There are 2 protein chains.
Amino acid sequence: MRKPARLADVAKLAGVSSTLVSRIVNNDPTLRVRDDTRDTVRAAIAMLNYTPHSSARALRNSQTGLLGFALHGVNDPLYVEMVDAAQSEAARRNYSVILMNIEELADRRDAFHEIMLGHRVDGLLIHGGHGRGEAELQEIARDVPSVMFNADAANGLRTVRFDDARAAEMATRHLIELGHREIVFLGDIGATSARRYDGYRRALAAAGLPSSPPVVAGLSPDETHDATRRFLDSGMRATAFVAMSTTAALGVHSGIVASGLRIPDDVSLISVHDVWFARHLNPPLSTVALPLAQMGAVAVSLLLDQISDPIDGETIIDDPAPHLVVRGSTAPIGPGRS
Amino acid sequence: MRKPARLADVAKLAGVSSTLVSRIVNNDPTLRVRDDTRDTVRAAIAMLNYTPHSSARALRNSQTGLLGFALHGVNDPLYVEMVDAAQSEAARRNYSVILMNIEELADRRDAFHEIMLGHRVDGLLIHGGHGRGEAELQEIARDVPSVMFNADAANGLRTVRFDDARAAEMATRHLIELGHREIVFLGDIGATSARRYDGYRRALAAAGLPSSPPVVAGLSPDETHDATRRFLDSGMRATAFVAMSTTAALGVHSGIVASGLRIPDDVSLISVHDVWFARHLNPPLSTVALPLAQMGAVAVSLLLDQISDPIDGETIIDDPAPHLVVRGSTAPIGPGRS
DNA sequence: CTGAAAGCGCTTACAG
DNA sequence: CTGAAAGCGCTTACAG
């Protein structure tokens, strides 16, 4: 690859100033220029295959065109769906997304500040709501253009979340309508889980039923698998589970099976979220679908607004609205357990 | 956030030149400086919370510290595991990873060249081996520092892949040893699938068994689900399937179940790769594990070498070596089907 | 309608 | 052991 052309090369070839080329390249609306001059410049650009040097632009405009997306480990399909949508929306608006690992960053205490002070990105998408290091994250989020996922609304924070309580309430109500009375909620620590647990309680209360304390199990299938087995093996009674996420539900699913119980004959299972693998489980998983992709796209959009014009507040992603997807993992309470 | 300090601010505060500060910040090994001068500068840096402006550096050094990772849709856990590892390895070496969508880029024919000519990234990780647009990708890969996944070795290309034939051979041999004789391979188009199909054939040939043509089904669970149902409903015989990836296997799994057959009683199933969800299926999925994370990390490492010192060639990721993980989806051929 | 020139913040050959 | 100055490639206020 030979040395790429610079603005000055184009200007020289076209016989005009760099100023003019720059304004043409950037479609400066205030520019009045003769059509044939413009054509000459265009031709020179094409001939030299000119592409603006992004670092030079970034330096001059103090804008990188980069957004940082900080996650607790990328390896959850819930996140992936959001990241994917965020990347697409960003690309549409001529931004790129950099992946950052919250854990790695937390290791070096001031890595986040370095990123911002060093003008590495124009803004940050931060995945919150899962308890760990939440305070530090919020502190950072207040300092820089950012959108924070799943955090509770707070001053100086731009947040985005689902109507978590409603989603969990819908899931729980579905089980109640199937005749279940002993329903257990499985979540983790953090604000998201707390909101969903509230929805679970609300549904039970509306039906005049008692709620159990949440099983705090983490979010990974391996963790929820173990928690489910422990719960079941300890002889505690439940005819149905509400899992706080589809990934969590996967472990509950395998945990129930490993305990020798059948889904849905012995135990029903439903999760909040709906991810691509849910329909492929055996039996397929019932869910309350939440628009994860929308969340990623909206967050990018809010972040871009935020960069030009700082503003805080909470956005609830509610379009499309949560809806129940009934598959094979929920059924009327069986005669053996009623 | 107030305006961040610049190099000149530090120099002024410390009462030295920018040159000196720069060389201290960058740990210039040729620098001889009095200890107390160095301490003064260090103190000034700390006091002003100085962090180098990354765009200015990028412009000056013609290096962005950014690596592009171009994928066919990020939404496959196989990729995610690689991306995750790539991100970590890059971070360890002070690089960041930008996500790029091959499909989106292909839309604008010269988007890739724009990225490279525009110095957006220092190098490219390109996910190949799946047939579509392979020729264009290779053309690009030849032009810029890059590492290409899963492509067949070719002149001017730096490639990285698994020993695909061996992995598929191990999977197939496992089925043969269980007594299966009618074994079908499920793959997609592209070089990766072709190599795995070869391994499948090799195992069958070694046992003196005939091989069937591959079922070409795509890679997503929805696609392989449909292909499996079509295959089974058409009355074609098979007592076992080898799926080219774990994600593909998920759809085969649900397709078999949806056809009313039992795993492993009626049909055994094994996949190449081993991903986090495999152990949570019902029954759990047998696999031949391949080191996906290693692949991501090694690719980054090769790419970084590649940037300073262009070189082509093929690297086979073989550490840890592929190994059989027997779970519940494979069993000796049953009496009903023998 | 068009151009000369300053400056974004850094690094580095060169001079002392 | 330390500094003045040029230059990376761009944009934009200013002048004409």
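Each chain gets a letter, A, B and so on, in the order its sequence line appears, and its residues count up from 1. On a predicted model such as this, the values are computed, not experimentally measured, just so you know.
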Could you tell me whether A/Lys12 and A/Asp9 have a side-chain N and a carboxylate O separated by less than 4.0 Å?
no
In the structure I gave you, are the side-chain heavy atoms of B/Asp84 and A/Leu99 within less than 4.5 Å of one another anywhere?
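Not in contact.
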Find out whether A/Gln294 and A/Phe162 are in side-chain contact, i.e. whether some heavy atom of one side chain is under 4.5 Å from a heavy atom of the other.
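They are not in side-chain contact.
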Please determine whether a side-chain nitrogen or oxygen atom of A/Asn61 lies at a distance below 4.0 Å from atom OP1 or OP2 of D/dC10.
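It does not, given that no N or O in the side chain of A/Asn61 lies less than 4.0 Å from OP1 or OP2 of D/dC10.
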Taking only side-chain nitrogens and oxygens of A/Arg6, does any of them come within less than 4.0 Å of OP1 or OP2 of D/dG9?
yes
Rounded to the Å, how far apart are [X] [atom1] and [N] [atom2]?
X	N	atom1	atom2	value
B/Asp35	D/dC1	CG	C1'	12 Å
B/Leu59	D/dG7	CG	P	14 Å
A/Arg32	C/dG3	CZ	P	17 Å
B/Leu7	D/dA4	CG	P	13 Å
B/Arg23	D/dG3	CZ	P	11 Å

Categorize B/Thr37 for me: base, sugar-phosphate, or nothing, with a 4.0 angstrom heavy-atom threshold over every strand shown.
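It contacts sugar-phosphate atoms only.
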Which part of the nucleic acid, if any, lies within contact of A/Ser55, taking any heavy atom under 4.0 Å across all strands shown: a base, the sugar-phosphate backbone alone, or nothing?
nothing
Candidate pair B/Arg161 and B/Thr315, rule side-chain hydrogen bond (donor to acceptor under 3.5 Å, both in side chains), full reasoning:
CA-CA 7 Å; B/Arg161 65 171 179 88; B/Thr315 303; over 6 Å; no
Counting only side-chain heavy atoms from C-beta out, which of [options] sits nearest to [X]?
X	options	value
A/Ala56	D/dT2, C/dT11, D/dC10	D/dC10
B/Arg60	D/dT11, C/dG3, C/dT12	C/dT12
B/Ser18	C/dT11, D/dC10, C/dG3	C/dT11
B/Val16	D/dT11, D/dG3, D/dC1	D/dG3
A/Arg57	D/dT11, C/dT12, C/dT2	D/dT11

Sorted by position of nearest nucleotide on DNA chain D, 5' first, the leading residue of A/Ala5 and B/Val33 is B/Val33
Ignoring hydrogens and geometry, is there a side-chain-to-backbone donor-acceptor pair from B/Asn61 to B/Gln63 under 3.5 Å?
no
Hey, does the side-chain of B/Thr19 have a donor or acceptor N/O within less than 3.5 Å of a partner on the base of C/dT12?
yes
